[in-house]
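Below, all heavy atoms of this structure are taken into account, side chains as well, without hydrogens, waters or symmetry copies.
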Amino acid sequence: MSAQIGYIRVSSLDQNTERQLCGITLDRVFEDKASAKDTKRPQLQACLEYLREGDTLTVHSIDRLARNLEDLQRLVRELTGRGVSVRFLKENLTFQAGENNPMQTLMFQMLGAFAQFERSLIRERQREGIALAKKEGRRLGRSKVLTPEQEEAIKQRAANHENKQALAKEYGISRQTIYRILAPV
């Protein structure tokens, strides 16, 4: 018996996945909250292992499955080679084993190339923004939680055998931060 399987991906934890396959009846859904820079996503891997011949994998859009043309084509080729249909809702494209529609393949490759191009532009803008921020002397990354004086006080108190968990709670930081502060440089 064939199954209708869905795959959903958003790039970050705070993004909403509900709209992607809303209203589509599926037997099982796999959901990742991770970048699509590569195919090493836990739920994508679980989905690929779960799919069987005769199943249909439904994905909201091409860029939800992969961001580079090589990964996208490989995934679709491998799935259709196993007898799994792949359906992209936004682009209205479906790929089935044994079917070869040249126009559909052309559209697929063009849309995949655009997704890859878009990803490259995002990375380029990000690099430019980081370079500009560095040039302007702006500090990048998360700001420090503790002052150097607070870190020194923690070191002294820990040397006096005060409980590290209690210190972490008092300063509003994790125990891992306490151990990072205490680690030899």
Side-chain angles (χ1 to χ4, degrees), residues 5-22 26 28-51 57-75 78-79 88 90 112-185:
I5 309 302
Y7 177 71
I8 296 173
R9 184 195 63 78
V10 292
S11 299
S12 62
L13 295 174
D14 60 342
Q15 289 181 317
N16 190 339
T17 59
E18 291 178 16
R19 70 170 183 84
Q20 285 190 24
L21 297 178
C22 182
L26 299 165
R28 181 148 183 206
V29 175
F30 294 86
E31 181 179 315
D32 271 316
K33 292 192 177 192
S35 170
K37 66 181 178 193
D38 59 39
T39 58
K40 295 177 180 126
R41 291 171 260 146
Q43 288 300 298
L44 175 60
Q45 294 306 313
C47 178
L48 296 175
E49 290 172 17
Y50 182 84
L51 289 163
L57 174 63
T58 301
V59 183
H60 174 70
S61 64
I62 286 174
D63 67 333
R64 300 294 92 196
L65 188 61
R67 281 281 175 92
N68 74 58
L69 189 55
E70 184 180 320
D71 285 345
L72 184 62
Q73 288 181 307
R74 182 183 48 76
L75 283 169
E78 287 174 5
L79 289 169
F88 298 100
K90 185 176 177 185
F114 282 127
Q116 182 173 333
F117 178 67
E118 178 185 25
R119 176 83 181 129
S120 296
L121 288 177
I122 289 168
R123 282 198 318 269
E124 183 178 330
R125 286 191 299 263
Q126 184 180 32
R127 281 192 301 270
E128 288 170 356
I130 290 169
L132 181 62
K134 285 180 179 178
K135 183 179 175 185
E136 293 174 353
R138 286 188 274 159
R139 190 179 171 284
L140 301 175
R142 185 175 173 209
S143 58
K144 286 196 171 266
V145 175
L146 300 172
T147 65
E149 294 80 19
Q150 288 173 316
E151 287 189 12
E152 192 57 40
I154 289 171
K155 288 178 185 178
Q156 289 174 0
R157 291 173 68 182
N160 291 332
H161 306 290
E162 284 194 43
N163 183 293
K164 292 173 184 68
Q165 188 169 354
L167 285 170
K169 188 173 183 180
E170 179 182 332
Y171 283 91
I173 57 177
S174 68
R175 281 189 328 206
Q176 290 85 353
T177 300
I178 293 283
Y179 289 114
R180 182 191 51 77
I181 292 166
L182 299 176
V185 178

Pairwise distance [atom1]([X]) to [atom2]([Y]) - rounded to 0.5 angstrom:
X: I5; Y: L48; atom1: CD1; atom2: CG; answer: 11.5 Å
X: L75; Y: L44; atom1: CG; atom2: CG; answer: 6.0 Å
X: K155; Y: I178; atom1: NZ; atom2: CD1; answer: 11.5 Å
X: Y171; Y: T147; atom1: OH; atom2: OG1; answer: 8.0 Å
X: I181; Y: E152; atom1: CD1; atom2: CD; answer: 10.5 Å
X: L57; Y: F88; atom1: CG; atom2: CZ; answer: 7.5 Å

Which atom names give the shortest non-hydrogen contact between [X] and [Y], and what distance separates them?
X: Q43; Y: E31; value: CG-O, 3.0 Å
X: R175; Y: A168; value: N-CB, 4.0 Å
X: R41; Y: D32; value: CB-OD2, 3.1 Å
X: R64; Y: Q20; value: CD-NE2, 3.5 Å
X: L26; Y: G6; value: CD1-CA, 3.8 Å
X: A133; Y: L140; value: CB-CD2, 3.6 Å

- request: Keeping to residues at least two apart or across chains, list the salt bridge (Lys or Arg N to Asp or Glu O under 4.0 Å) pairs with something in residues 162-171.
  value: R157-E162, R157-E170
Qualifying side chain to side chain donor-acceptor pair (under 3.5 Å) pairs with a residue from residues 124-133, counting only residues at least two apart or across chains: none
Heavy atoms, side chains only, cut-off 4.5 Å: are [X] and [Y] in contact?
X: L51; Y: Y7; value: no
X: V59; Y: R9; value: no
X: H60; Y: I8; value: no
X: L65; Y: D71; value: no
X: R180; Y: T177; value: yes
X: K144; Y: Q150; value: no

task: Taking side-chain contact (heavy atoms from CB on, under 4.5 Å) as the test, write out the residues that go with K135, two or more places apart.
output: none
- prompt: What residues, two or more places apart in sequence or in another chain, satisfy ring-ring contact (aromatic ring centres under 6.0 Å, His included) together with Y50?
  reply: F30
task: Return yes when atom CD of Q165 has more than 12 non-hydrogen atoms of other residues, nucleotides or ligands closer than 6.0 Å, and no otherwise.
output: no
field: Non-neighbouring partners of E136 that pass side chain to side chain donor-acceptor pair (under 3.5 Å), sequence neighbours left out
entry: R138
Qualifying residues under side chain to side chain donor-acceptor pair (under 3.5 Å), relative to Q176, sequence neighbours excluded: S174
